[in-house]
Number of protein chains: 2
Amino acid sequence: MEKVTMADVAREAGVSKSTVSQYLNKRYEYMSEKTKQKIEEAIDTLGYQPNFLARSLKQKRTSLIGIIVANITHYFSTEVSRAIEDFFHQYDLQTIVCNADDDPDKEKKYIEMLRAKQVDGLIIFPTGKNNELYESMINQGYPVVFVDRKVENLDVFSVITDNTESTYKAIQHFIENGHKNIAFAVQPLTVSTRIERLEGYKKALNDAGLEVNPNYIIEASIPKMKKKLEELFSLDVKPTALFAANDRVFIALGEFLKEKGMKFGKDLDVVVFDNIPFSQMLETTLSFILQPAAKMGTKAAELLYQQIRKENHDPEVIVFPSEIK
Amino acid sequence: MEKVTMADVAREAGVSKSTVSQYLNKRYEYMSEKTKQKIEEAIDTLGYQPNFLARSLKQKRTSLIGIIVANITHYFSTEVSRAIEDFFHQYDLQTIVCNADDDPDKEKKYIEMLRAKQVDGLIIFPTGKNNELYESMINQGYPVVFVDRKVENLDVFSVITDNTESTYKAIQHFIENGHKNIAFAVQPLTVSTRIERLEGYKKALNDAGLEVNPNYIIEASIPKMKKKLEELFSLDVKPTALFAANDRVFIALGEFLKEKGMKFGKDLDVVVFDNIPFSQMLETTLSFILQPAAKMGTKAAELLYQQIRKENHDPEVIVFPSEIK
DNA sequence: GTAGATAGATAAATCGATTTACTAAACCGG
DNA sequence: CCGGTTTAGTAAATCGATTTATCTATCTAC
């Protein structure tokens with residue numbers, strides 16, 4: 001059970017370990033055709049499989065890229081991950097995905113684990129709660145790219161969407177359509193994406209000369225969302241439009257409306273911030289803000305690859321526009 | 001930049017490497033409080049981080065579990081992965097996910113990569129096209145569990161859903177509701193799940209004394225699905241019900257119906273085999289066959305863990321029932 | 001015929017940990 | 001104070017590759 005080593009191959013082929021290693025690394029320059037064949041045969045008959053741990057230990061690189069997603073069941077995360085994977089595939093770097101589950105402790109554990117395992121670089125959807133750790137990575141010059149969320153006071157490559165701007169436009173659109181009572185539903189304001197979206201909302205209202213009504217802003221975790229929606233819709237002046245700050249908020253909203261017998265488009269105009277796989281099937285008049293997930297993934301991968309190759313530029317924040325549909 | 005080794009710590013603390021190693025592995029039996037503190041300080045001042053490659057090389061285990069999913073953007077895969085991850089988290093084993101993208105070559109590459117990287121075990125959503133490789137793993141006693149799809153003639157632990165049975169029931173339900181012309185849409189019959197679902201369909205029709213009309217069975221890749229649906233709905237006797245063999249088929253169907261101005265429930269009764277995240281929001285009378293993804297993941301993880309611990313049982317196939325909703 | 005170049009292959013050091021076998025000092029009872 | 005046990009710590013082998021410096025034999029040129 002798995003114990004054929006290079007030494008065994010060398011013995012079988014009647015050559016030295018070094019020569020076998022040369023062969024494996026395709027350095028055929030100074031190697032006779034005969035030796036090559038002998039090694040080939042030996043590998044075959046023994047069923048030799050190289051041990052990458054040993055190789056990586058010596059070479060100080062693993063040809064592995066780590067992705068730490070905030071939540072693996074988010075469609076956006078998986079789309080980004082796939083794009084990253086496709087990019088690195090062409091350079092024979094492999095990708096592993098870990099799921100931090102929006103839990104800073106888990107995130108920390110995974111970062112430490114992946115670094116201890118010597119992955120060549122890291123792409124992170126940061127929880128934003130491990131600043132010390134982030135800083136130490138960056139100071140040590142370890143290749144890292146942040147995706148989706150910005151972390152304040154950190155000089156690091158980041159790839160994000162223009163959250164404020166696209167929310168602004170969506171709200172503006174509501175206003176143009178005559179809406180005056182526009183609500184905003186969001187999960188706790190712990191990450192930059194949520195905060196920026198809220199900013200866009202407020203700015204759009206202000207710029208249109210509308211008052212920001214705190215009762216129309218509901219900030220709650222998903223399990224508590226329905227209760228908050230209940231409160232929102234028992235106000236004297238009910239909102240006629242609502243901005244759902246991401247897909248999970250949207251689901252909670254959908255369940256709520258269904259219970260109340262209300263309909264999207266008819267009883268409430270809704271915009272959702274996110275890519276939703278089945279959106280085109282919903283027979284309603286919803287709008288969605290679509291982030292260019294694939295492009296963002298590819299860009300993040302490129303930025304990481306540059307760092308790994310030590311083609312150093314100064315860290316920059318790449319902002320992608322999103323599309324309202 | 002990252003080069004503090006155990007030897008450095010040992011020098012700094014004025015002890016030997018061995019002692020530092022003992023400390024790191026929490027074998028404090030024969031170690032004075034003073035030494036312990038000196039080592040602690042040394043690690044702190046130097047910012048030492050152990051290199052797991054070296055450790056794993058020696059220990060011959062990596063505390064890493066590999067998951068190879070057929071398609072990472074499938075909700076079902078991510079749900080299963082999360083459950084697996086949760087399970088192993090409690091034993092301090094970490095999980096990495098690789099995306100084979102339903103491509104046997106990629107699958108092969110990832111299996112070989114993960115094995116070369118010495119992961120302790122593998123959970124695979126098999127493409128079914130790498131039998132030789134599967135066999136060699138199993139013969140070598142390498143810990144493996146297959147999920148979602150069965151591979152013929154292979155004595156391996158598998159966790160699957162009762163595809164035939166639940167499809168049977170769904171079709172039976174159609175029949176009880178008076179449907180006689182029931183269609184079945186599926187991607188190419190390359191994996192067991194699709195084949196078994198088709199079997200359930202045929203069996204239900206047969207048992208009800210209905211004829212299996214080959215024109216009602218459409219087998220096409222997603223890009224070609226719409227064209228095939230076109231043909232299906234230009235038949236003289238159009239189907240009144242349709243079974244979509246998975247979520248991607250369902251999306252294609254949804255787009256098709258939208259184009260034609262047809263409505264779910266009204267113009268066509270539909271059952272979908274899969275967990276669809278936004279299903280509860282669709283304002284239609286669709287039915288879904290839900291697989292117990294989390295339970296399946298946990299079970300697969302358990303089976304793998306037993307193998308890793310060498311608590312050997314004979315390979316078994318665990319079949320989970322799914323629920324029609 | 002000899003110095004130098006070249007082709008083909010190897011020995012040995014190395015990567016950074018773990019682990020086993022061993023030693024040295026302290027302790028302890030009679 | 002002597003032999004045996006504990007306690008505390010270490011040297012050296014090891015894991016399985018890569019890589020560098022070295023070596024030998026053959027070839028070439030003058």
Side-chain angles (χ1 to χ4, degrees), chain A residues 1-40 42-43 46-64 112-120, chain B residues 1-40 42-43 46-64 112-120:
Chain A
M1 168 176 165
E2 176 92 40
K3 55 168 110 177
V4 183
T5 108
M6 218 170 67
D8 300 323
V9 176
R11 201 176 314 115
E12 174 84 14
V15 299
S16 74
K17 281 202 306 175
S18 330
T19 308
V20 177
S21 174
Q22 312 280 24
Y23 171 84
L24 288 173
N25 289 285
K26 303 195 200 305
R27 280 191 288 266
Y28 301 134
E29 292 106 68
Y30 303 116
M31 189 179 306
S32 66
E33 200 48 43
K34 227 197 289 176
T35 317
K36 222 162 116 181
Q37 277 178 14
K38 274 191 300 182
I39 295 177
E40 226 156 88
I43 289 179
L46 295 178
Y48 168 70
Q49 293 205 291
N51 181 328
F52 270 63
L53 283 185
R55 152 192 277 240
S56 299
L57 176 59
K58 183 72 217 239
Q59 289 189 158
K60 293 171 175 257
R61 60 192 160 77
T62 52
S63 304
L64 265 188
E112 282 169 354
M113 180 278 272
L114 288 172
R115 293 207 54 192
K117 298 255 156 78
Q118 317 293 119
V119 305
D120 294 347
Chain B
M1 168 176 164
E2 177 91 39
K3 57 170 112 183
V4 183
T5 105
M6 217 170 67
D8 300 324
V9 176
R11 202 176 314 115
E12 174 83 14
V15 298
S16 76
K17 282 201 305 174
S18 329
T19 308
V20 178
S21 174
Q22 312 277 25
Y23 171 86
L24 288 172
N25 289 284
K26 303 194 199 305
R27 280 191 287 270
Y28 301 134
E29 292 105 67
Y30 303 115
M31 191 179 307
S32 67
E33 201 45 48
K34 227 196 288 175
T35 316
K36 222 162 115 181
Q37 276 178 14
K38 273 191 301 183
I39 295 177
E40 226 157 88
I43 288 180
L46 295 178
Y48 167 71
Q49 292 205 291
N51 180 327
F52 270 62
L53 283 186
R55 155 193 276 241
S56 298
L57 177 59
K58 184 75 218 230
Q59 287 190 157
K60 293 170 173 258
R61 58 192 161 76
T62 52
S63 303
L64 264 189
E112 281 169 354
M113 180 279 271
L114 288 173
R115 293 209 53 193
K117 299 255 154 78
Q118 317 294 119
V119 303
D120 294 347

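Just so it is clear, the model here is predicted, and its values are computed rather than measured.
- With values rounded to the nearest 0.5 angstrom, B:K117 atom NZ is found 6.0 Å from A:S56 atom OG.
- The side chain to side chain contact (heavy atoms under 4.5 Å, CB included) test with A:I43 singles out one residue from A:D8, A:V4, A:V9, and that residue is A:V9.
- Across the protein-nucleic acid pair, A:Q37 atom CD and C:dG8 atom C1' stand 16 Å apart, rounded to whole Å.
- Between A:I39 atom CD1 and C:dT10 atom C1' there is a gap of 12 Å when expressed in whole angstrom units.
- Note that CD of B:E40 is 8.0 Å distant from CD of B:E33, once rounded to the nearest 0.5 Å.
- If you take NZ of A:K36 and P of C:dA7, they are 15 Å apart, rounded to a whole angstrom.
- Looking only at atom types and distance, the side chain of B:S18 has no donor-acceptor partner in the side chain of B:S21 under 3.5 Å away.
- Following rounding to the nearest Å, A:E33 (CD) and C:dA9 (P) show an atom-to-atom distance of 11 Å.
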Short N/O separations, protein against nucleotides 17-21 of chain D, under 3.5 angstrom:
from	atom 1	to	atom 2	distance (Å)
D:dA17	OP1	A:Y48	OH	2.7
D:dA17	OP1	A:N51	N	2.7
D:dA17	OP2	A:M6	N	2.5
D:dA17	O5'	A:Y48	OH	3.4
D:dA17	N7	A:K17	NZ	3.3
D:dA17	N6	A:K17	NZ	3.4
D:dT18	OP1	A:N25	ND2	3.3
D:dT18	OP1	A:R55	NE	3.2
D:dT18	OP1	A:R55	NH2	3.2
D:dT18	OP2	A:S21	OG	2.6
D:dT18	OP2	A:N25	ND2	3.4
D:dT18	O2	A:K58	NZ	3.1
D:dT19	OP2	A:R27	NH2	3.3

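- The interatomic distance linking B:Y23 (OH) with D:dA8 (C1') rounds to 17 Å, in whole Å.
- With rounding to the nearest 0.5 Å, the separation of CG in A:N25 from CD in A:Q59 is 6.5 Å.
- Comparing the helix axis at one end of the helix from C:dG1-D:dC30 to C:dG30-D:dC1 with that at the other, each defined from 5 consecutive pairs, gives an inter-axis angle of 50° (nearest 10°).
- The distance from atom CE of B:M31 to atom P of D:dT10 is 10 Å, rounded to the nearest whole Å.
- In terms of phosphate contacts, B:T35 brings a side-chain nitrogen or oxygen within less than 4.0 Å of OP1 or OP2 of D:dG9.
- Between the B:T62 side chain and the B:Q118 main chain, a donor and an acceptor come within less than 3.5 Å of each other.
- Heavy-atom minimum distance, B:T35 versus B:S32: OG1-OG, 2.6 Å.
- How far CG of A:N51 is from NZ of A:K3: 14.5 Å, rounded to the nearest 0.5 Å.
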